[in-house]
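Quick note on labels: first sequence line is chain A, next is B, and so on, each numbered from 1.
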Protein chains: 2
Amino acid sequence: MDLVIGTDLGPGDPLPAEPELMRALGVSRNSVREALKGLQALGIVDIRHGYGTYVGTAALRSMAPGLLFHSRLAVRRSNPQALRDIVEMRALMESGLIRRAAVELGPEDIARLHTELDALEADGDSGRAGHDRRFHELLYEPLGNALALQLIALFWDVYRTTEADMAKPRTDHAQVVRQHRQVLAALESHDPDAAAARIAEHFADVTARIDLWAGRSGTGQG
Amino acid sequence: MDLVIGTDLGPGDPLPAEPELMRALGVSRNSVREALKGLQALGIVDIRHGYGTYVGTAALRSMAPGLLFHSRLAVRRSNPQALRDIVEMRALMESGLIRRAAVELGPEDIARLHTELDALEADGDSGRAGHDRRFHELLYEPLGNALALQLIALFWDVYRTTEADMAKPRTDHAQVVRQHRQVLAALESHDPDAAAARIAEHFADVTARIDLWAGRSGTGQG
DNA sequence: CGCGGTAGGACGTCCTACGTCCTGTGTCCT
DNA sequence: AGGACACAGGACGTAGGACGTCCTACCGCG
């Protein structure tokens with residue numbers, strides 16, 4: 001890490017090859033590779049077979065496996081708290097950001113959201129995940145906070161994957177579409193409070209679904 | 001990861017030794033070690049020299065290096081946006097959580113916060129970081145959201161370390177103490193709105209300090 | 001001019017050997 | 001008998017070499 005920062009390399013730039021790192025750092029190739037493997041896991045470098053090693057660009061996608069692992073472990077032990085925590089963080093972040101979105105989003109942003117929402121409604125339950133995720137992305141993309149985008153995407157992925165591990169009550173597709181439309185309506189009227197309230201409702205439903213699962217499958221406390 | 005989840009291991013439990021993993025997975029020790037090194041970076045396993053390998057407990061501390069790396073890289077290139085993003089996320093999370101804290105914290109929690117704040121004031125600028133961090137931890141520890149605690153601690157660490165990289169305007173110690181006391185007062189009167197407002201003020205100051213740095217040292221946009 | 005084969009670089013995997021750290025056991029000294 | 005030290009064993013850490021796979025670039029051939 002210090003080497004990259006010290007040599008003025010930027011995201012996407014190629015790192016020295018393994019043999020050169022061996023000489024530069026005075027260690028064997030095994031150690032170099034293990035270090036790179038660790039950095040790769042953290043998203044600091046991007047290793048491409050037969051091509052080279054490059055400075056990474058996305059910091060947070062890399063922690064999805066770690067978070068996912070612990071969540072799955074918790075769910076596997078019938079402890080719903082990890083899922084509740086994730087949903088609470090999503091609710092906190094989105095409730096705050098949606099206020100900015102209500103103020104800052106322009107007509108073309110709104111139009112894109114309408115398009116995505118129509119696609120979500122049309123696709124039915126099959127292709128649902130993709131459009132739902134994309135909708136939440138489009139909500140906050142114009143705000144210019146790359147970290148927020150990555151965090152929300154991260155938690156979305158972790159939640160969705162973990163959810164798949166548990167035999168959960170089916171989601172009401174029509175209800176999801178309706179809630180999203182209400183959020184969009186609040187955005188169009190540039191009403192931060194209403195938008196935040198709608199988002200809060202959405203997440204309250206999600207939490208309720210987790211409680212339902214916890215009640216019939218787990219201990220309720222782990 | 002699948003092996004751990006599949007064999008009903010929990011956090012803290014020991015993993016099979018490297019030779020056994022070689023046999024179980026049918027790969028060489030190098031590959032086993034590189035895989036473990038990646039999992040270690042993600043906080044999924046905890047490797048202890050001469051002792052053994054264990055299932056990890058803290059999921060998020062592991063992504064500090066990655067986030068830290070990208071933030072330092074951004075600051076080094078005079079791009080303050082990464083820092084602004086981090087502070088905005090802290091503000092979003094803490095503003096939301098502080099409302100729950102205002103309602104749920106008991107007298108003994110408040111007492112602990114007073115103690116920590118006194119220590120912060122007494123220590124002056126030298127030991128400041130530790131007490132400031134601990135204060136924010138104590139605020140949200142009773143809420144039972146382990147993920148939130150880890151995220152806040154993570155962002156706190158990343159922000160503090162990155163801040164150290166830039167020649168920044170000094171923080172007004174007395175002002176920090178005063179702001180924290182105001183937050184605590186709002187908590188004692190169980191007033192969520194006031195607490196959230198005080199926290200928002202605190203973070204507004206932090207953001208202002210970043211803008212000051214950006215204005216005199218960077219491009220303002222990278 | 002276009003296509004396919006070939007050479008080189010870079011990462012992926014494997015094997016072997018030795019070093020370091022920790023623990024448990026056994027012996028020796030007190 | 002009790003405690004300190006030495007030793008052996010297990011587990012992770014590091015090193016060096018060899019070969020395989022993937023990708024790119026170059027060159028000859030049609």
- Counting just side-chain N and O atoms, does B/Ser31 come under 4.0 Å of either OP1 or OP2 of C/dG12? no
- Item | N/O donor-acceptor pair under 3.5 Å between A/Arg100 side chain and A/Leu143 backbone | yes
- Closest heavy-atom pair and its distance - A/Ser71, A/Ala82: CA-CB, 4.4 Å
- Message: Taking atom types as they are modelled, would you say the side chain of B/Arg48 forms a donor-acceptor pair with the base of D/dG13 within the 3.5 Å cutoff?
- Response: no
- Are B/His180 and B/His114 close enough that their ring centers fall under 6.0 Å? no
- In whole angstrom, what separates A/Tyr51's OH from C/dC11's C1'? 14 Å
- What is the distance from CG of A/Leu15 to C1' of C/dG9, rounded to the nearest Å? 16 Å
- Task: Under 4.0 Å between any heavy atoms, over every strand shown, what does B/Arg33 touch: base, sugar-phosphate, or nothing? Just pick one.
- Result: base
- Could you check which of C/dT13, D/dT14, C/dC14 has an atom nearest any side-chain atom of B/Glu34? C/dT13
- Donor/acceptor link under 3.5 angstrom from A/Asn30 side chain onto base of D/dG13: no
- Query: Nearest-Å distance, NZ (A/Lys37) to P (D/dT14)?
  - Reply: 17 Å
- Between C/dC14, C/dC11, D/dC12, which nucleotide gets closest to the side-chain atoms of B/His49? D/dC12
- Rounded to whole Å, the CD-P distance (B/Glu20 to D/dG10) equals 13 Å
- Message: Rounded to whole Å, how long is the line connecting atom CZ of A/Arg29 with atom C1' of C/dG9?
- Response: 12 Å
- Query: Can you name the nearest heavy-atom pair linking B/Glu94 to B/Ile199, along with the distance?
  - Reply: OE1-CD1, 3.9 Å
- Message: Using side-chain heavy atoms (C-beta onward) and a distance below 4.5 Å, is A/Leu83 in contact with A/Tyr159?
- Response: yes
- Item | Closest to the B/Val27 side chain, choosing from D/dA15, C/dC14, C/dG12 | C/dC14
- Task: Answer yes or no: does a side-chain N or O of A/Thr53 lie under 4.0 Å from OP1 or OP2 of C/dC11?
- Result: yes
- Roughly, in whole Å, what's the span from CD in B/Glu18 to P in C/dT16? 16 Å
- Distance, rounded to the nearest Å, where B/Leu21 contributes CG and D/dG10 contributes P: 17 Å
- When the distance from CG of B/Asp46 to P of D/dC12 is rounded to whole Å, what number comes out? 12 Å
